[in-house]
Amino acid sequence: MSSYDAVPATPDHIALEHRVLALWEAESTFDQLRTQNAGGAPYSFIDGPITANNPMGVHHAWGRSLKDLMQRHRAMRGHELRYQNGFDCQGLWVEVEVEKSLGLNSKQEIEEYGLDRFARACRDRVAEYSAIQARQSQRLGQWMDWDRSYYTMTDPNIAYIWHFLKVCHEREMLYRGNRPMVWCPRCGTSLSQHELIDSYQDRTHPTLHVRFPFVDAPEEAVVVWTTTPWTLPANVAAAVDPTAEYSGVRTSQGIDWVMSTRVEDLFGEGADVARTALGSELVGKAYVGPFDDLAAQDEVAHRVVAWDMVSDNEGTGVVHIAPGCGAEDFELGKREQIPTLVPVDEAGHFTEEYGWLSGMATADAAEPITAHLAKTGVLVRSGTIDHRFPVCWRCGTDLIFRVVEEWFIAADKVRQPMIDAAATVNWVPEQYGKRMEDWLRNMGDWCISRKRYWGLPLPFYRAPSGEITVIGSVEELRERAVDPIDDLQELHRPWIDDIRIRTDSGEIAERVTEVGDCWLDAGIVPFSTLGWGRDTYTPEGYAEGAGVGLTRADLPDHAYWEKWFPADWISEMREQIRLWFYSQLFMSVVLVGKAPYKSVLGYEKLHDETGRAMHKSWGNAIWFDDAVEEMGADVMRWLYALQTPSQNMNFGYGPANEVRRRLLTLWNSYSFLIRYAEIDDFTPTWADLDSRPPATTALDTWIVARVDETIIACDEALDAYWTPTYARAVESLIDDLSAWYIRGSRARFWRSESDADKDAAFRTLWYCIAQICRLIAPAMPFMADEIWQNLVRDRADDAPTSVHLSSWPKANTPDQAALLSMGLAQTAISLGRAARAQGNRKLRQPLREAVIATPDAAARAAVERLSAEIALELNVKNVRFADAVDELLEIEIIPNFRALGPKLGKDIPRVQQLLKDGEYSRSEAGVEVGGYTLTDDEVEFRTRPREGFAVADEGGLAVAVDTELDQELEEEGLARELIHFIQGERKAAGFEIADRITIEIAPNALAERVLARFGDEIASETLCTTLTSLSHVDGNAFESDGCSVVVHVALAT
RNA sequence: GGGCGAUUAGCUCAGUCGGUUAGAGCGCCUCUCUGAUAAGGAGGAGGUCCCUGGUUCGAAUCCAGGAUCGCCCA
């Protein structure tokens, strides 16, 4: 048997991980796993596509670690998995980055650059970053079938969406409508609700108070307040609350009407109120608009209208209404049948009808508009306001509202079915299900069009008559095409725009120019990647169109879809509730009437370690590449696993270091085993992992029970997709192994003679560490396999070559009695230590005895089994159980509330008091109190130490130590001190642990006595072959309690 | 305005089914071990479990109201 590799004192995570990556590569470990699991019960995970647009961040690494963790766990349990990664390829995300890199800054510049070149540049960017992200993910340890990733820009993906849209059209859910949209003037496109995520920023904007004089009484006017001066030229109405009281305030300009509750704020305390009126009395009044001289205003008759949404705590209580520039305004305008003026074009510039304003940008218009209003005498005052205002998530431009024509999918028909489908899903954390339901109840129609370039070409063809034809597949396009289609290289602009079609009524129709919302691209994935509805399975058939050369993903058939749909599990960050979780659910409910996933794990946001959001500009962002090469992937992954998903994560080098230090405990245990395994040439037994190792001590039995218990806890946690419980359970096992098992068993490994006991110790420790390797393998795949290679592979017959091929550990039923015993013994030991500390006796000093007292017979029996271990830990010669508990303790009986609550109910406080007062008697049956007989299960014994003993107690257990020393104990204590000192000398001299030494020693009289009695022990403990006593030695001196020596150590020859 | 969360030690966070002495890590203090050692172990200080009320024999936990913070929608 080959010898074990030496283990460094601390793991070099980075080097270790690169080594393991190379090993996996060389041995095709992942392929072996897939072969091994082929035909296993399917476990369907569907990956949410990552936008292939930038290098991945540490927040992506969080999600990817969780995905990989869960997949590895299921794989170890023998499931067959698909391992398909996904890249999101289209949409504004990509366009904006490409614009930046090409130095383009407007839609006009893109069109001048050429849509074909632009599309190629977008595709190339996706290719570049998908490769980078794949490489980064591999470094993280994520096992995916990287050659077969799906790309949402491929023709099959697009065609599947076409089909979906056609189904929507057939069900009359698809429509085109004028809608006020949130609009980015720079990007020249509207933003969906989805894209307003995190879009509010603190901004300072101008505010204006403006008079709208009445036509029939020009000295009177309503006064409005606005924070968007550029919308005033599109004003068509002023809204008042019909039920509120308004005041006409006398000012230098005449009578200004505002809501009465606003008078004081606006005009001060001494405002001169000429008269008051209900809002309803103002309704219908015609007024002179502020920009009536502009051509756009020619047809507009301004009037006061009633509106129930007028606020009374802001502004003037009279609201300026511009239906072309605001969502609420638009709704009100529709109701009141007043005109909708859209003052600006796609780029946010005033159109020609706006005279001197035309060509001006909205942001630049505030000042001239204010000046103009001042000149015409309607400006009451101007100021500024600091408020939260939505800006474009990509370019930071202030967003505006603009009424535009867009394409929508009506939501009402699917709202309830979606709510029902969502209710079948296991949402983790649970409240995310409520959030989804809330979102669904409130969802508006889905705006699916974008006036951009690089995206899903909407397959809507408009004929001159206005008739709309929706194309549902590439074949249909081919059949209807009136332009040459054979050269169509991919389903993207500009190429697709060249193809016109013939409609059913024989007209020639052109495609609308819009592209689709990128959430259509991602939402179709559970259909497009699984071959829904296809007759044939096409190997590597997915990569048509823009995906050629990027992936070898198959285009499967319907049988395959049946096997893998719906997903057992998906996982993304929480905001995906309104994004991918939503769009997938929408499309799935439309197409097949059910949810596309069974379980969903969501998680919150990743912040820096101080709890602040990470921002490039704040300098607190951590790059993935830096993190992984400094912390190590395992450490990162363990951090992610420990994190409560429903809580924001504080990520950084500080927390990483804490985790790294905790992982040292496992590493130290491993290194301890290797050290002695090497010395003893230990050969493990593979079968031990299933059948358990032999046990000779109570500690052996106990730690094996702890392993069993932990395996079960891990499975429960991972079945519930709750990784922190899993990670904590493993950490707790590692702690127990190190602090109790190894510390309590060390002597068994030091002994030079071999026997069954030593064999059991080795096999048990090996068993524990090997099982821990398997338990941590899903979360820390590198360290788990590194240890496995050295400790298991090629050491035991039949051992798999990788921990990842070793399957999940088998849980036997935990030995509950052993767990209980050890729990009590641990309590007894820590009490004994506390008692020693009270009695001022170092642990090194042997003491005569510890006395344990407990009134609970079962507890006593349980602890008694571990007397030897307790004696060892407490360094006492004897452990005795007090015959009469009151020797040490006063006893208090406490009701077992959990058991007695249902039985005694309101009598509990009375019984509790009687017990406390000692008003009870004990009998065979149990405790007689207040007319009840309480069995031992129904009460709990607690103890308090009697005065005058070095006693510590907790619950029903008390431990005392005898602190008296006689000469023998004193000398033994000194011998221990001496050993301790010599060990230090050994170490100072740089000797190896197994080196034999010689000692020359010059003792005083007391030391001579100690040597006489304990010389052999000292020699044996220090691996000394010859201990020579001399009158003078050149060496180091040691002195303790009158015992003094000079010692010289040397290597034995 | 509606919805979903959070609030526990100096800091970051666990806390299952309601059970009477609320835990961990880090930090701090005092020790200890020295054959796992840039570690390990023990002990200690540190808590109005956000507030008020309710249900209950019993509430960090359940209910109602409120406060503060975060997020989603309007």
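Residue numbering restarts at 1 for every chain, and letters A, B, ... go by the order of the sequence lines. It should be emphasised that the depicted structure is a prediction, and the values quoted were computed from it without experimental measurement.
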Checklist entry - Looking only at atom P, what distance separates B:G65 and B:C4, rounded to whole Å? => result 12 Å

Next on the checklist: Here's a test for you: under ring-ring contact (aromatic ring centres under 6.0 Å, His included), which of A:Tyr432, A:Trp519, A:Trp446 qualifies with A:Tyr582?
Outcome noted: A:Trp446

Every protein N/O lying under 3.5 Å from an N/O of nucleotides 7-13 of chain B:
residue: B:U12; atom: O3'; partner: A:Asn650; partner atom: ND2; Å: 2.9
residue: B:C13; atom: OP1; partner: A:Asn650; partner atom: ND2; Å: 3.1

Checklist entry - Whole Å only: how far is the CD atom of A:Gln912 from the C1' atom of B:G19? => result 11 Å

Next on the checklist: Using whole Å, what does the distance between atom P of nucleotide B:G35 and atom CD1 of A:Ile997 come to?
Outcome noted: 11 Å

Checklist entry - In whole angstrom, what separates A:Trp740's CH2 from B:G40's P? => result 16 Å

Next on the checklist: Nearest to the A:Arg662 side chain among B:G3, B:A36, B:G25, which nucleotide is it?
Outcome noted: B:G25

Checklist entry - Can you tell me how far P of B:A39 sits from CG of A:Leu666, to the nearest Å? => result 18 Å

Checklist entry - Just checking, any donor-acceptor pair under 3.5 angstrom between side chains of A:Asp715 and A:Tyr726? => result no

Item to check | Residue A:Pro909, side-chain atoms from C-beta onward, closest of B:G27, B:C57, B:C72 | outcome: B:C57

Next on the checklist: Nearest heavy atom decides the nucleotide; on that basis, is A:Ile742 or A:Asp438 closer to the 5' end of RNA chain B?
Outcome noted: A:Asp438

Checklist entry - Within the structure shown, what part of the strands sits under 4.0 Å from A:Ser669 by heavy-atom distance: base, sugar-phosphate, or nothing? => result base

Checklist entry - Mind checking the P distance from B:G10 to B:G5? Whole angstroms is fine. => result 28 Å

Item to check | Check: B:A36 base within 3.5 Å donor-acceptor of A:Thr665 side chain | outcome: no

Item to check | Pairwise C1' distance for B:C17 and B:G25, with rounding to whole Å | outcome: 27 Å

Checklist entry - Just checking A:Ile577: base, sugar-phosphate only, or nothing, at a heavy-atom cut-off of under 4.0 Å? => result nothing

Next on the checklist: Just to be sure I understand the rule, does A:Arg441 reach a base, reach only the sugar-phosphate, or reach nothing, if contact means heavy atoms closer than 4.0 Å?
Outcome noted: nothing

Checklist entry - Atom CG of A:Asp680 to atom C1' of B:G35: distance rounded to whole Å? => result 14 Å

Item to check | P-based separation of B:A60 from B:A22 [nearest Å] | outcome: 10 Å

Item to check | Nearest-Å distance for atom pair CG/P, residues A:Asn668 and B:A39 | outcome: 11 Å

Checklist entry - Want to settle it: does A:Arg661 or A:Trp722 sit nearer the 5' end of RNA chain B, counting the closest nucleotide to each? => result A:Trp722

Checklist entry - Do the side-chain N and O atoms of A:Arg574 and A:Ser646 include a donor-acceptor pair separated by under 3.5 angstrom? => result no

Next on the checklist: Run the salt bridge (Lys or Arg N to Asp or Glu O under 4.0 Å) test on A:Asp412 and A:Arg415 for me, step by step, so that the C-alpha distance in whole Å, both residues' side-chain angles and the decisive distance to 0.1 Å come before the verdict.
Outcome noted: CA-CA 5 Å; A:Asp412 281 336; A:Arg415 186 185 312 277; 2.6 Å; yes

Item to check | Dot-bracket pairing map - RNA chain B, Watson-Crick plus G-U, both contacts under 3.5 Å, | cross-strand | outcome: (((((((..((((.....[...)))).(((((.......))))).....(((((..]....)))))))))))).

Checklist entry - According to a strict under-4.0 Å criterion, is A:Lys605 in side-chain N/O contact with OP1 or OP2 of B:C71? => result no

Checklist entry - Distance-only, no hydrogens or angles: does the A:Thr665 side chain make a donor-acceptor pair with backbone N or O of A:Arg662 under 3.5 Å? => result yes

Next on the checklist: With rounding to the closest Å, how many angstrom separate the P atoms on B:C50 and B:U16?
Outcome noted: 14 Å

Item to check | Gap in Å between the two C1' atoms, one belonging to B:A38 and one to B:G43, rounded | outcome: 24 Å

Next on the checklist: Over 60° means perpendicular and under 30° means parallel, so tell me whether A:Tyr676 and A:Phe672 are parallel, tilted or perpendicular.
Outcome noted: tilted

Item to check | Pairwise C1' distance, B:U7 and B:C13 [rounded to whole Å] | outcome: 12 Å

Next on the checklist: Taking only side-chain N and O atoms of A:Arg578, does any of them lie within less than 4.0 angstrom of OP1 or OP2 on B:C73?
Outcome noted: yes

Next on the checklist: Here's one to test your reading of the geometry: is the NZ or CZ of A:Arg743 within 45 degrees of the ring axis of A:Trp740 and under 6.0 Å from its centre?
Outcome noted: yes

Checklist entry - Rounded to the Å, how far apart are A:Leu440 CG and B:A74 P? => result 13 Å

Checklist entry - Within this structure, what is the CD-to-C1' distance between A:Glu575 and B:C72, rounded to whole angstrom? => result 11 Å

Checklist entry - Charged N to carboxylate O below 4.0 Å: is that the case for A:Asp680 and A:Lys758? => result yes

Next on the checklist: Donor-acceptor pair, distance only, cut-off 3.5 Å: does the side chain of A:Thr1025 make one with the backbone of A:Ile997?
Outcome noted: yes

Checklist entry - Any chance the side chains of A:Tyr932 and A:Asp907 put a donor and an acceptor closer than 3.5 Å? => result yes

Item to check | Sidechain N-carboxylate O distance under 4.0 Å for A:Glu437, A:Arg441 | outcome: yes

Item to check | Selection from B:C73, B:C4, B:C57 that lies nearest to any side-chain heavy atom of A:Ile908 | outcome: B:C57

Next on the checklist: Checking the side chain of A:Asn620 only, and the main-chain atoms of A:Asp608 only, is there a donor and an acceptor separated by less than 3.5 Å?
Outcome noted: no

Item to check | Polar pair under 3.5 Å, donor/acceptor by atom type, side chain A:Arg435, base B:C71 | outcome: yes

Checklist entry - Is the shortest side-chain N/O distance from A:Arg574 to OP1 or OP2 of B:C71 below 4.0 Å? => result no

Next on the checklist: Would you measure the distance from the C1' atom in B:C11 across to the matching atom in B:G3 and give it in whole Å?
Outcome noted: 32 Å

